[in-house]
Novice: 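Just passing along the structure, written as structure tokens.
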Amino acid sequence: MVSRQPLLCSWTPRCLWLLGVILLMDASARPANHSSVRERMGTREENEILPPDHLNGVKLEMDGHLNKDFHQEVFLGKDTDGFEEDAEPRRSRRKLMVIFSKVDVNTDRRISAKEMQHWIMEKTAEHFQEAIAESKVHFQAVDPDGDGHVSWDEYKVKFLASKGHNEREVAEKIKNNEELKIDEETQEVLENLKDRWYQADKPPSDLLLTEEEFLSFLHPEHSRGMLQFMVREIVRDLDQDGDKQLSLPEFISLPVGTVENQQGQDMDDSWVRDRKKEFEELIDADHNGIVTMAELEDYMDPMNEYNALNEAKQMIAIADENQNHHLEPEEVLKYSEFFTGSKLMDYARNVHEEF
């Protein structure tokens, strides 16, 4: 009887190599800014009832970090298909030039600051309408009786159910004022959500949110009062001396737990550089070295036309190589990574062809 042991041994390294390739492909396919789909998105049910950390078309995240995708969000709007990393370059270039022609209202083959401003406002409005539509679906998920109002207790039941608790048991205990067994982290999240719930509840306060109030609970950019609440929360987290305003050192201070290696140092340097530029050029409107809550609110208001004009000028300045204060097709293609998140090569040779 012939032994199969040598054959098995010869294939084992190959199998291990193949397994390693598959694992690497899986890891590389995962976007760099999330460790897993669950960490970024959570469960579908949890997404339906938890306010998102990221708000499309808003300059800062809920935790005070800069929105790294902001320029792409206000340039592409919802139309991001065709700019993925594996997209066909020719198709992506053509689509980018189609967008260019839409922004270029007077068809002079140049984008002015005013044209870019109007385009930013239009794309921001798209994100607003998308948030309204999503919130409507989410409201129905937490308003099972369909009475048009959601109480804090109803929301609390749905939230804890999304965290693995038995929905019936939680509802029964809340109804009977019995103590709930909740871990410390979940309890802290609940307390923060309740503060936000109170803020979204317009006077006279009844702790019942209408569909409109629930929208502002999920998306504070839709309500002046909730936008101000978001600003207060960010200032509270960053303000180190308790004066309820932000200095440059406070705004650029590094988050706790930075990585102590060269890669971490590079990230830290980038963090400081980006936030310093944003503070000095856009947020600190009177350039006195201090950002007040009013200045931060104006900066974060996605429907602020003055801010949209400033953003338009900044976006043009990034790619305006000939310094004529306009964007031309060659410049948009060359700086495609800034506008779309996708780097398109051979921009100069292909621009006339795509037009």
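Small disclaimer: the values here were computed from a predicted structure and weren't measured. Note that these values count all heavy atoms, side chains included, but never hydrogens, waters or copies made by symmetry.
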Novice: I'd like to know if the side chain of Asp284 reaches the main chain of Phe279, judged simply by a donor and an acceptor atom lying under 3.5 Å from each other, with no hydrogens or angles considered.
Specialist: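 A pair under 3.5 Å: no.
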Novice: Donor-acceptor pair, Ser223 side chain versus Pro220 backbone, under 3.5 Å?
Specialist: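 Between the backbone of Pro220 and the side chain of Ser223 there is no qualifying donor-acceptor contact (under 3.5 Å).
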Novice: Walk me through it: do Leu60 and Tyr299 pass the test side chain to side chain contact (heavy atoms under 4.5 Å, CB included)?
Specialist: CA-CA 9 Å; Leu60 292 183; Tyr299 164 79; 3.9 Å; yes
Novice: Is the CD atom of Glu188 crowded by more than 12 outside heavy atoms at less than 6.0 Å?
Specialist: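 No, because the 6.0 Å sphere around CD of Glu188 holds 12 heavy atoms or fewer from other groups.
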Novice: Identify the heavy atoms of Phe70 and Gly57 that sit nearest to each other, and give their distance.
Specialist: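 Heavy-atom minimum between the residues: CE1-O, 3.3 Å.
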Novice: Just how far is it from atom CZ of Phe229 to atom CD of Glu297, taken to the nearest 0.5 Å?
Specialist: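 One gets 14.0 Å once the value is rounded to the nearest 0.5 Å.
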Novice: Around atom CD of Glu185, are there more than 12 heavy atoms from other residues, nucleotides or ligands closer than 6.0 Å?
Specialist: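 Counting other residues, nucleotides and ligands, CD of Glu185 stays at 12 neighbours or fewer.
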Novice: Could you list the residues that satisfy side-chain hydrogen bond (donor to acceptor under 3.5 Å, both in side chains) with Asp298, not counting sequence neighbours?
Specialist: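 side-chain hydrogen bond (donor to acceptor under 3.5 Å, both in side chains) check on Asp298 returns nothing, list empty.
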Novice: So, for Met226 and Ala200, which heavy atoms are closest and what is the spacing to 0.1 Å?
Specialist: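 Reported closest heavy-atom pair: SD-N, 3.5 Å.
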Novice: Do Asn67 and Asn56 come close enough that some side-chain heavy atom pair is under 4.5 Å?
Specialist: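 Counting from C-beta outward, Asn67 and Asn56 never come under 4.5 Å.
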Novice: Measure the spacing between CG of Asn322 and CG of Leu327 and express it to the nearest 0.5 Å.
Specialist: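 Output value for this atom pair is 9.5 Å.
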Novice: Just by modelled atom types, is the Ala285 backbone N or O under 3.5 Å from a matching donor or acceptor in the Glu295 side chain?
Specialist: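 Indeed, once roles are kept as given, a pair shorter than 3.5 Å links the two residues.
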Novice: If the threshold is 4.0 Å, N to carboxylate O, is there a salt bridge linking Lys59 and Glu278?
Specialist: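 Yes.
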Novice: Do Lys194 and Glu191 sit within salt-bridge range, that is, some charged N less than 4.0 Å from a carboxylate O?
Specialist: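 Looking at Glu191 together with Lys194, the answer is no, because their closest N to O distance does not fall below 4.0 Å.
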Novice: State whether the side chain of Asp69 and the backbone N or O of Gln72 hold a donor-acceptor pair below 3.5 Å, judged by distance alone.
Specialist: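 It does not hold such a pair.
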Novice: Would you name the heavy atoms of Ala319 and Tyr335 that are closest together and state the gap between them?
Specialist: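 Answer, listing the atom of Ala319 first, then Tyr335: CB-CD1, 3.5 Å.
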Novice: So how far is it from Leu215 CG to His138 NE2, rounded to the nearest 0.5 Å?
Specialist: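 Answer rounded to 0.5 Å: 11.0 Å.
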Novice: Considering residues, nucleotides and ligands other than Glu212, do more than 12 of their heavy atoms fall under 6.0 Å from its CD?
Specialist: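 No - once you tally the heavy atoms of other residues, nucleotides and ligands closer than 6.0 Å, there are 12 at most.
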Novice: Going from OG1 on Thr292 to CG on Leu246, what distance comes out if it is rounded to the nearest 0.5 angstrom?
Specialist: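 With rounding to 0.5 Å, OG1 (Thr292) is 9.0 Å from CG (Leu246).
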Novice: Could you pull out the closest heavy-atom pair between Ser253 and Glu250, with the gap in Å?
Specialist: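 Ser253 and Glu250 have their closest heavy atoms at OG-O, 2.9 Å.
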Novice: Not counting sequence neighbours, which residues clear side-chain hydrogen bond (donor to acceptor under 3.5 Å, both in side chains) with Glu280? List them please.
Specialist: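 Glu280 satisfies side-chain hydrogen bond (donor to acceptor under 3.5 Å, both in side chains) with Lys276 once adjacent residues are dropped.
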Novice: Could you check whether Glu211 pairs with Lys136 (Lys NZ or Arg NE/NH1/NH2 to Asp/Glu carboxylate O, under 4.0 Å)?
Specialist: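 Looking at Lys136 together with Glu211, the answer is yes, because their closest N to O distance falls below 4.0 Å.
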Novice: If you take all heavy atoms of Leu160 and Leu180, which pair is closest and at what distance?
Specialist: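 Minimum heavy-atom contact is CD1-CD1, 3.9 Å.
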Novice: Is the distance from the ring center of Phe128 to that of His222 below 6.0 Å?
Specialist: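 They qualify: ring centres under 6.0 Å apart.
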Novice: Picking from Val332, Thr340, Leu76, what satisfies side chain to side chain contact (heavy atoms under 4.5 Å, CB included) with Ile99?
Specialist: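 Result: among Val332, Thr340, Leu76, Leu76 is the only option passing the side chain to side chain contact (heavy atoms under 4.5 Å, CB included) with Ile99.
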Novice: Does any N or O in the side chain of Arg275 come within less than 3.5 Å of the main-chain N or O of Phe251, such that one atom is a donor and the other an acceptor?
Specialist: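 Here the side-chain-to-backbone pair exists.
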Novice: Got a salt bridge between Asp183 and Lys163, using NZ or NE/NH1/NH2 to carboxylate O under 4.0 Å?
Specialist: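 No.
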Novice: Keeping Glu213 on the side-chain end and Lys202 on the backbone end, is there a donor-acceptor pair under 3.5 Å?
Specialist: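 Indeed, once roles are kept as given, a pair shorter than 3.5 Å links the two residues.
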Novice: Is it the case that the side chain of Asp201 and the backbone of Leu209 share a donor-acceptor pair, with hydrogens and angles ignored and the cut-off at 3.5 Å?
Specialist: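 Between the backbone of Leu209 and the side chain of Asp201 there is no qualifying donor-acceptor contact (under 3.5 Å).
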Novice: Please walk me through it: do Asp104 and Ser101 pass side chain to side chain donor-acceptor pair (under 3.5 Å)?
Specialist: CA-CA 5 Å; Asp104 178 25; Ser101 65; over 6 Å; no
Novice: Looking at Leu333, is its backbone amide N or carbonyl O close enough to the side chain of Ser336 to form a donor-acceptor pair, meaning the two atoms are under 3.5 Å apart?
Specialist: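 Between the backbone of Leu333 and the side chain of Ser336 there is a qualifying donor-acceptor contact (under 3.5 Å).
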Novice: Between Arg196 and Glu233 (salt bridge meaning N to carboxylate O under 4.0 Å), is one present in this structure?
Specialist: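 Salt bridge between Arg196 and Glu233, a charged N being under 4.0 Å from a carboxylate O: no.
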Novice: With a 4.5 Å heavy-atom cut-off, do Phe83 and Leu96 have their side chains touching?
Specialist: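 Yes, their side chains come closer than 4.5 Å.
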Novice: Under a 4.0 Å N-O cut-off, is there an ion pair linking Asp301 with Arg224?
Specialist: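 Salt bridge between Asp301 and Arg224, a charged N being under 4.0 Å from a carboxylate O: yes.
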Novice: Are the side chain of Asp320 and the backbone of Asn324 linked by a donor-acceptor contact shorter than 3.5 Å?
Specialist: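 The answer is yes, because a donor-acceptor pair under 3.5 Å joins these two groups.
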Novice: Out of curiosity, Leu50 CG to Ser162 OG, how far, rounded to the nearest 0.5 Å?
Specialist: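 Rounded to the nearest 0.5 Å, the CG-OG separation comes out at 6.0 Å.
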Novice: Under the ring-ring contact (aromatic ring centres under 6.0 Å, His included) definition, can you give me all pairs with a residue in residues 181-203, not counting sequence neighbours?
Specialist: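 Counting only pairs at least two positions apart or across chains, the ring-ring contact (aromatic ring centres under 6.0 Å, His included) contacts touching residues 181-203 are Trp152-Trp197, Tyr155-Trp197, Trp197-Phe217.
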Novice: Strictly below 4.0 Å, N to O, side chains only: are Lys123 and Glu126 in salt-bridge contact?
Specialist: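 Yes, this pair counts.
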Novice: List the steps, then state whether ring-ring contact (aromatic ring centres under 6.0 Å, His included) holds for Phe338 with His71.
Specialist: CA-CA 7 Å; Phe338 173 76; His71 295 113; 4.7 Å; yes
Novice: Does Asn176 reach the main-chain N or O of Glu178 with its side chain, forming a donor-acceptor pair under 3.5 Å?
Specialist: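 The answer is no, because no donor-acceptor pair under 3.5 Å joins these two groups.
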